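No hydrogens, no waters, no symmetry mates; every other heavy atom, side chains included, goes into these values. Counting starts at 1 for both ligands and their atoms, following the listed order. Predicted, not measured: the structure shown is a model, and the values here were computed from it.
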Amino acid sequence: MSSRLAKLRRSAFSAQNGCCFYCGLPMWEDDPERFAQTLGLTVRQAQRLRSTAEHLQARCDGGLDRPSNIVAACAHCNHKRHEGRKVARDWLAHKAWVQRRLSAEAWFDKAMLSRLWRAALR
Ligand SMILES: [Zn+2]
């Protein structure tokens with residue numbers, strides 16, 4: 001990843017208080033082990049909550065590395081936006097879809113989700 005994009009990701013991460021743009025769950029930037037330990041997750045589970053730079057307008061649709069186009073999203077939400085598609089789902093539609101899955105407790109797995117929710121409420 002370019003250092004410019006990494007910088008944009010870091011500033012989006014702090015502007016969002018370390019929470020994913022789509023699912024609102026906590027993410028980590030540098031230390032998955034510590035994050036896992038704090039939240040009572042396995043390191044493997046924590047990998048899915050790595051902070052990634054997400055282009056609202058996808059790069060393949062001409063989206064630029066600009067502050068207005070970059071948010072911080074967890075690896076899981078980012079991956080699911082593109083999974084099995086040639087064209088990334090529109091970000092607004094993706095956010096609504098993730099929120100619906102969350103309300104149905106069908107995002108990550110239930111045990112992991114309840115740990116994360118408890119942590120988010122602290
Ligand atoms: Zn997410």
Discussion item. Using the rule given for side chain to side chain donor-acceptor pair (under 3.5 Å), can you reason through Tyr22 versus Glu54, listing the C-alpha separation, both sets of side-chain angles and the distance that settles it, and then say yes or no?
Written reply: CA-CA 10 Å; Tyr22 293 118; Glu54 166 75 341; 2.7 Å; yes

Discussion item. Can you tell me if, anywhere in His76, an N/O/S atom lies at a distance from the Zn ion (ligand 1) that is smaller than 2.8 Å?
Written reply: no

Fill in: Distance-only donor-acceptor check, side chains His55 and Asp61, under 3.5 Å
no

Worksheet, complete the sentence: The SG(Cys77)-the Zn ion (ligand 1)-SG(Cys74) angle, to 10°, is 100°

Worksheet, complete the sentence: Between Cys20 atom SG and Cys23 atom SG, the angle centred on the Zn ion (ligand 1) rounds (to 10°) to 100°

Fill in: Beyond-backbone contact of Glu29 with Arg9, side-chain heavy atoms, under 4.5 angstrom
yes

Worksheet item: Picking from Leu49, Val98, Thr52, what satisfies side-chain contact (heavy atoms from CB on, under 4.5 Å) with Cys74?
Response: Leu49

